[in-house]
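Below: one structure, written as structure tokens.
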Amino acid sequence: MNFSSMRRLALKAAAACAVASLFALPATASDAVLRVSAIPDEAPTELQRKFAPLGKYLEAQTGMKVVFTPVSDYAAVVESLATRKIDLAWLGGFTFVQAKIRTNGTAIPIAQREEDAKFTSKFITADPAIKSLADLKGKTFAFGAPSSTSGSLMPRFFLQQAGLNPEKDFKNVAFSGAHDATVAFVAAGKAEAGVLNASVWDKLVESKKVDTDKVRVFATTPPYFDYNWTVRGDLDPALVKKLTDAFLKLDPANPEHKEILALQRAAKFIPTKKENYDGIEKAAHAAGLLK
Amino acid sequence: MLLTADPAARPRLLGALTVLVVLWPLFQAAEVKPGALFDASNLKVIGNFLAAFLPPETGAGFLGHLAKATLETLAIASAGMLLAFLLAVPLGYLATAAGRERPTLNPVTRSLLTLLRGIPELVWALVFVRIFGLGPAAGVLALGLTYGGMLAKVYAEILESVDPAPANALRHSGAGRPLALLYGLVPLAAKELASYTVYRWECAIRASVVMGFVGAGGLGQLMDQAMKMLNGGEAASILLAFMALVFAADGLSQWLRRALDTPPADRPSPFGPRSALLALTLLAGTVASFRFLNIGFGELFTADAARSMGEFVAGFFPPDLSAEWLAKVGKGIWETLAISVVGTLLAAVAGLLLALPKPHAPFGFVLNALRSVPELVWATITALAVGLGPFAGALALALHTAGVLGRLYAEAFDNAPPAATRALRLAGAPAGVRFLYGTLPGATPQLIAYTLYRWEMNIRMAAILGFVGAGGLGQLLYFELSLFHYAQASTVIIAMLLLSIGVDQTSAWLRQRLR
């Protein structure tokens with residue numbers, strides 16, 4: 001067996017296949033498909049589970065096929081919206097501001113949960129010695145993702161207002177990447193304290209996924225605007241209207257809608273506008289996360 | 001007294017002191033606190049996590065995810081390798097001095113190769129995830145670029161190392177350089193070229209797992225999730241699937257390389273059914289990989305994609321060179337350097353201890369287990385054991401590297417020239433003395449070379465460990481990229497590149513000096 005000649009042939013063939021496969025792939029028809037994604041503030045499997053009935057509902061309302069792509073990076077969602085790889089995205093307050101900036105102000109927030117107009121973050125710990133924000137000095141601390149509103153930006157902003165600089169005053173700062181991961185970090189003692197969004201905390205407590213005898217809330221932030229559903233600015237206005245109406249029509253009295261709302265942890269959806277997030281933008285500048 | 005007994009005592013003492021003076025601040029920067037390892041509460045935390053490994057998760061839904069992710073990892077590695085190969089052949093041809101009338105060092109091609117290799121594949125992946133969106137395309141391209149750079153460099157060196165006579169003869173009889181290389185050098189180097197390519201494919205599988213941590217799909221993405229959520233059962237299943245994949249690739253690669261060593265059959269046509277089968281498998285594998293990944297290459301090369309890529313890349317220039325940011329990056333460099341040095345040293349000590357005992361067998365298993373777990377996964381576990389920070393990163397590096405070095409050390413001891421040891425034994429010296437004065441001096445140059453090579457790899461890995469909370473440059477990069485601070489991220493990437501080049505140079509210099 002002569003390996004060199006065999007190998008040459010094989011490689012020639014392989015190269016030919018590679019080139020062929022470039023052309024053979026079908027062009028994706030994106031006309032009748034609504035491409036949706038969400039910032040991965042919880043485990044992707046959880047996001048998919050939460051989205052399934054809402055996706056079906058949106059399919060019925062728009063007559064389009066709805067495709068949900070789970071991701072593991074906040075910034076990738078923003079970038080995908082800006083490069084028109086997705087049409088509709090579930091964004092946090094800060095990721096919305098980032099998307100607004102990266103699309104030159106064209107991204108449109110269409111709806112938010114009633115809860116998002118007065119959202120809060122919870123500071124949690126399993127260390128009995130930590131009773132207030134001031135006790136965090138010299139401790140290891142876990143944020144969520146760096147570009148999370150409720151897991152990074154707003155807590156950082158309020159910590160600053162309390163006279164604490166995370167980079168200087170904490171022993172180590174970690175980014176767990178997601179809210180439920182922050183709870184896991186703190187419960188396991190990987191970080192001495194952490195911060196996460198109130199909605200996920202309540203959900204974990206209700207579903208008994210966290211041992212509240214061990215992990216407790218020791219501070220809560222003042223309220224601020226958070227999550228919304230955002231579409232890219234160059235989407236057909238008729239479709240934008242359809243999507244907005246679809247969200248606003250969700251009625252807790254309707255059992256089918258109730259399931260969707262429950263999974264989204266929303267009492268109901270309300271209209272929102274860009275100006276709601278100006279406060280977040282200012283906080284981001286103040287905290288040095290926007291330059 | 002001592003000074004008179006050993007004529008080399010003074011320089012040795014001085015050398016040891018210098019090493020201590022150099023290493024001490026690095027150990028400080030890595031926040032080495034062995035005490036934390038034995039802290040009761042830390043032990044409990046890690047015990048709980050590891051206890052959750054049993055039983056491994058076997059739910060049907062999860063196993064389905066796992067199987068798909070395993071296939072995806074395999075496909076990313078194979079497709080990435082093909083891309084790397086397509087890149088490496090022309091670049092290697094341009095870079096190599098072989099078959100040239102006048103030897104040249106090709107500064108342009110060589111520096112391109114350094115650039116491709118110097119930036120860790122994880123960083124490429126992170127950048128490509130942004131440009132091409134999520135999914136395997138980013139992983140394939142990242143692997144293709146980094147491995148293309150590595151393959152091209154090694155191809156160039158292999159071609160330079162074989163006997164140039166046939167190629168020269170062809171050139172003198174009027175053949176062009178491509179033909180002279182193809183018929184004069186490639187047949188001589190074929191075995192080595194193929195063997196290295198196969199070895200790299202095996203490495204690509206390991207690397208594609210790591211890239212999943214930044215959203216490039218495959219097993220890594222699952223692992224990242226499980227580790228983040230500290231879901232021991234799932235982590236155990238994924239780790240088992242990963243180890244099985246690595247062992248299978250290892251076995252296949254060894255079998256292929258052994259096959260390359262067997263002399264060709266004595267037949268008029270060298271191309272037999274076995275090689276045809278192999279060629280077909282390779283072909284089918286490649287097609288299947290691309291089919292499975294379903295990468296929209298068409299979409300990658302549209303004017304729109306080019307524009308958004310251009311905008312994205314433009315955002316990285318000019319890098320932020322303000323004094324304040326440079327100071328922060330400088331601290332990151334120092335921490336990353338500390339992680340790599342401390343990690344490699346701890347690994348050298350542990351590897352030595354594991355390589356010494358005979359028979360090797362039980363320790364061989366420990367070594368295999370240590371090295372088959374990727375550093376990023378070790379880092380998740382060590383962060384539980386000693387808390388987040390550089391020490392966790394150094395320990396993670398140490399654990400993985402100890403497995404690698406232990407095996408290499410054991411081989412070096414086995415291959416050490418036996419004469420001195422035999423002479424000592426005949427003179428009645430006890431085992432300890434025989435080892436210290438017989439085996440060790442003979443094996444030392446190899447031990448040092450292996451350790452330094454590993455350090456060069458570890459500096460790249462240390463730059464990445466920050467992604468899971470081990471500090472250093474990685475954490476800076478992850479943070480700045482998340483916030484779209486591309487000018488700042490650009491400075492960090494340049495720092496990573498300079499650091500890896502600097503370490504390569506230092507290591508080459510040390511190898512020369514210590515030879």
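All heavy atoms count here, side chains included; hydrogens, waters and symmetry mates do not. Each chain gets a letter, A, B and so on, in the order its sequence line appears, and its residues count up from 1.
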Item to check | Partner set under side chain to side chain contact (heavy atoms under 4.5 Å, CB included) for B:A487, not counting sequence neighbours | outcome: B:D320
Item to check | With B:E31 via side chain to side chain contact (heavy atoms under 4.5 Å, CB included) - residues at least two apart | outcome: A:N172, B:K33, B:P390
Checklist entry - What residues of residues 136-146 of chain A sit under 4.5 Å from chain B when you count only heavy atoms? => result A:P146
Next on the checklist: Please output the residues of residues 92-99 of chain A in contact with chain B, using a heavy-atom cutoff of under 4.5 Å, in numerical order.
Outcome noted: A:F94, A:Q98
Item to check | Between CG on residue A:D180 and CG on residue B:N231, distance to nearest 0.5 Å | outcome: 11.0 Å
Item to check | B:H485 versus A:G288, closest heavy-atom pair with distance | outcome: CE1-O, 3.9 Å
Checklist outcome for this item: Okay, A:S147 and chain B: the region with an atom under 4.5 Å from a heavy atom over there is both
Checklist entry - What part of A:L290 lies closer than 4.5 angstrom to a heavy atom of chain B: side chain, backbone, both or neither? => result backbone
Would the number of heavy atoms belonging to other residues, nucleotides or ligands and lying under 6.0 Å from [atom1] of [X] be above 12?
X      : atom1 : result
B:K331 : NZ    : no
A:E167 : CD    : yes
A:K209 : NZ    : no

Item to check | B:F484 side chain near A:V78 side chain, heavy-atom distance below 4.5 Å | outcome: yes
